[in-house]
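Heads up: the structure comes next, in structure tokens.
Letters A, B, ... mirror the listed sequences (proteins, then strands); counts begin at 1. FYI, side chains are in, hydrogens and waters are out, and symmetry mates aren't considered; it's all heavy atoms of this structure. It should be emphasised that the depicted structure is a prediction, and the values quoted were computed from it without experimental measurement.
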Protein chains: 2
Amino acid sequence: MIYRLYYWPGIQGRGEFVRLALEEAGAAYVDVGRDEAEGGLEAVQALLDAPGAVHPPFAPPVLVNGKLVVAQVAAILQYLGPRLGLVACDANAALWTHQLQLTIADVVAEAHDTHHPLDVGDWYCNQKEEAVRRARVFREKRMPRYLGWFESVLERNPTGAAHLVGARLSYADLSLFQLVEGLRYAFPNAMDALGRDIPKVLELAGRIGERRNMAAYLASPRRQPFNEDGIFRHYPELDA
Amino acid sequence: MIYRLYYWPGIQGRGEFVRLALEEAGAAYVDVGRDEAEGGLEAVQALLDAPGAVHPPFAPPVLVNGKLVVAQVAAILQYLGPRLGLVACDANAALWTHQLQLTIADVVAEAHDTHHPLDVGDWYCNQKEEAVRRARVFREKRMPRYLGWFESVLERNPTGAAHLVGARLSYADLSLFQLVEGLRYAFPNAMDALGRDIPKVLELAGRIGERRNMAAYLASPRRQPFNEDGIFRHYPELDA
């Protein structure tokens, strides 16, 4: 079965959390939005607009596997987890993995809102002053709180700090890597300052990036660079 | 087994989505934060601060069932769903239910940010001007988009518009009811204006409120009123 991922081309965005799971597992997938032969952006739009869809996606990313159509990053990863070997079999461990993923989704939404605090549909330059204020709160209060929580999760893992859940890789580890990479891109100064408080988080992120499939993906053209159209944007005034 | 819900007393907040599921199912539960005999607010804080917790919650609501501790509304409801008979057995239907719940969580976060667009830890009066701007975007663009999507989900349900998923009640129906109630409290003018575009959503919400267990709960002192400390706040200037 070849998975089909529908996401906007040109940005990592929320689609990247799904890509990382597919890439780490070596799964066969088509990144429809980036593949002109598959229809590219128009195919993404057509999926969203399909009048006959019984389970219409609210927004990308959307994963299609045969007849199954699922949106929402956390739901997609929960679906893919057992199929890709990226979550524990134990139900409580799987629920904990999902809870971690939902909290990553919350940070990601707040990271996005640093550059769009008032209107997601308007330009950054029209809400820049407010963005400066929201970004300061995010850097000074929210980033330490969220990342400090992930540090404590690693500290408390009875099987050690190599992974968020138990002693094996899960999709939550991959997403935490992406969160760290994104925050480093958007807020390099804030992340530098925070570094000594979250050594286990940074160690985990470093190890994830060195895994064979991850390293190959990150070095490939399939990994799009961060940019100022995505979730994690580097505007120096928001990291001052 | 008696479920234990840990949530801040004094507000419906995100805890209400869990309460509605427990109440509809007639489940035995303790609302710890509101029950002084159970420790009240201090017990909620103690759970959050417990140094030995292996699965530390990031924030309430938290559900405890024996040794299981789970936070994040969508994860709690996913856990409770099969236990309370509030989700279909079919895996794809359950995933769709969860996806709907995750989208409700997204609207709820945006509804919260209408009154706290810049700093969740600061007073409303210190971000009121920005709140007016963000609330206008929410009323004019986001509410129609989200509620219109739920309307289309009901329209496309092959088994009819009585429920979001299939022909039976699910926790997503209960949460949609709470979303509608909250938006009506916070933005009565906007909801009035939007009403004719979302008849099926409003019908569903009306029927949910009339269910025997729901009606009994809503009329009981266990249902706290909406207020200006919760997620859905009525500030007339945000609904002008």
Practice task
Given side chain to side chain contact (heavy atoms under 4.5 Å, CB included), test B:His55 with A:Leu95 step by step and report yes or no.
Solution key: CA-CA 11 Å; B:His55 292 177; A:Leu95 187 63; over 6 Å; no

For a quick test of reading the model, state the closest non-hydrogen atom pair linking [X] to [Y] and the distance between them.
| X | Y | value |
| --- | --- | --- |
| A:Trp96 | B:Val54 | CZ2-O, 4.0 Å |
| A:Arg134 | B:His116 | NH1-O, 4.3 Å |
| B:Gln99 | A:Pro57 | NE2-CA, 4.3 Å |
| A:Pro56 | B:Arg156 | CB-NH1, 3.7 Å |

Exercise for the section: Kindly check if the number of other-residue, nucleotide or ligand heavy atoms within 6.0 Å of CD (A:Glu129) is above 12? Expected result: no

Practice task
Answer yes or no: does atom CD of A:Glu228 have more than 12 heavy-atom neighbours from other residues, nucleotides or ligands under 6.0 Å?
Solution key: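 Correct, the count exceeds 12.
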
Please classify the contact between [X] and chain B as side chain, backbone, both or neither, with a heavy-atom cut-off of under 4.5 Å.
| X | value |
| --- | --- |
| A:Ala53 | both |
| A:Asp113 | side chain |
| A:Arg145 | both |
| A:Val69 | backbone |

Handout entry: Test: B:Glu130 and A:Arg133 ion pair at under 4.0 Å
Key = yes

Fill in the blank from the handout: Assert top hit (heavy-atom pairs under 4.5 Å, partner chain B, pool A:Asp119, A:Leu68, A:Val120, A:Leu100) equals A:Asp119

Problem - Option in A:Asn92, A:Val153, A:Val70 with maximal non-hydrogen atom pairs under 4.5 Å from chain B - result: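 Of A:Asn92, A:Val153, A:Val70, A:Val70 has the most heavy-atom pairs under 4.5 Å with chain B.
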
Exercise for the section: Name the orientation class of the two ring planes belonging to A:Phe58 and B:Tyr146 (parallel below 30°, tilted from 30 to 60°, perpendicular beyond 60°). Expected result: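 Rings of A:Phe58 and B:Tyr146: parallel, as their planes differ by under 30°.
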
Handout entry: Region of B:Lys67 in contact with chain A, defined by heavy-atom distances below 4.5 Å
Key =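 B:Lys67 has no heavy atom closer than 4.5 Å to chain A.
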
Problem - Approximate separation, where rounding is to 0.5 Å, of B:Leu118 CG and A:Thr114 OG1 - result: 11.5 Å

Practice task
Please round to the nearest 0.5 Å and tell me the distance separating atom CG of B:Leu102 and atom CD of A:Gln78.
Solution key: 8.5 Å

Exercise for the section: Please confirm whether the backbone N or O of A:Ala59 pairs with a side-chain atom of B:Trp149, one donor and one acceptor, at under 3.5 Å? Expected result: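 No, the answer is negative, given that no donor and acceptor are paired below the 3.5 Å cut-off.
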
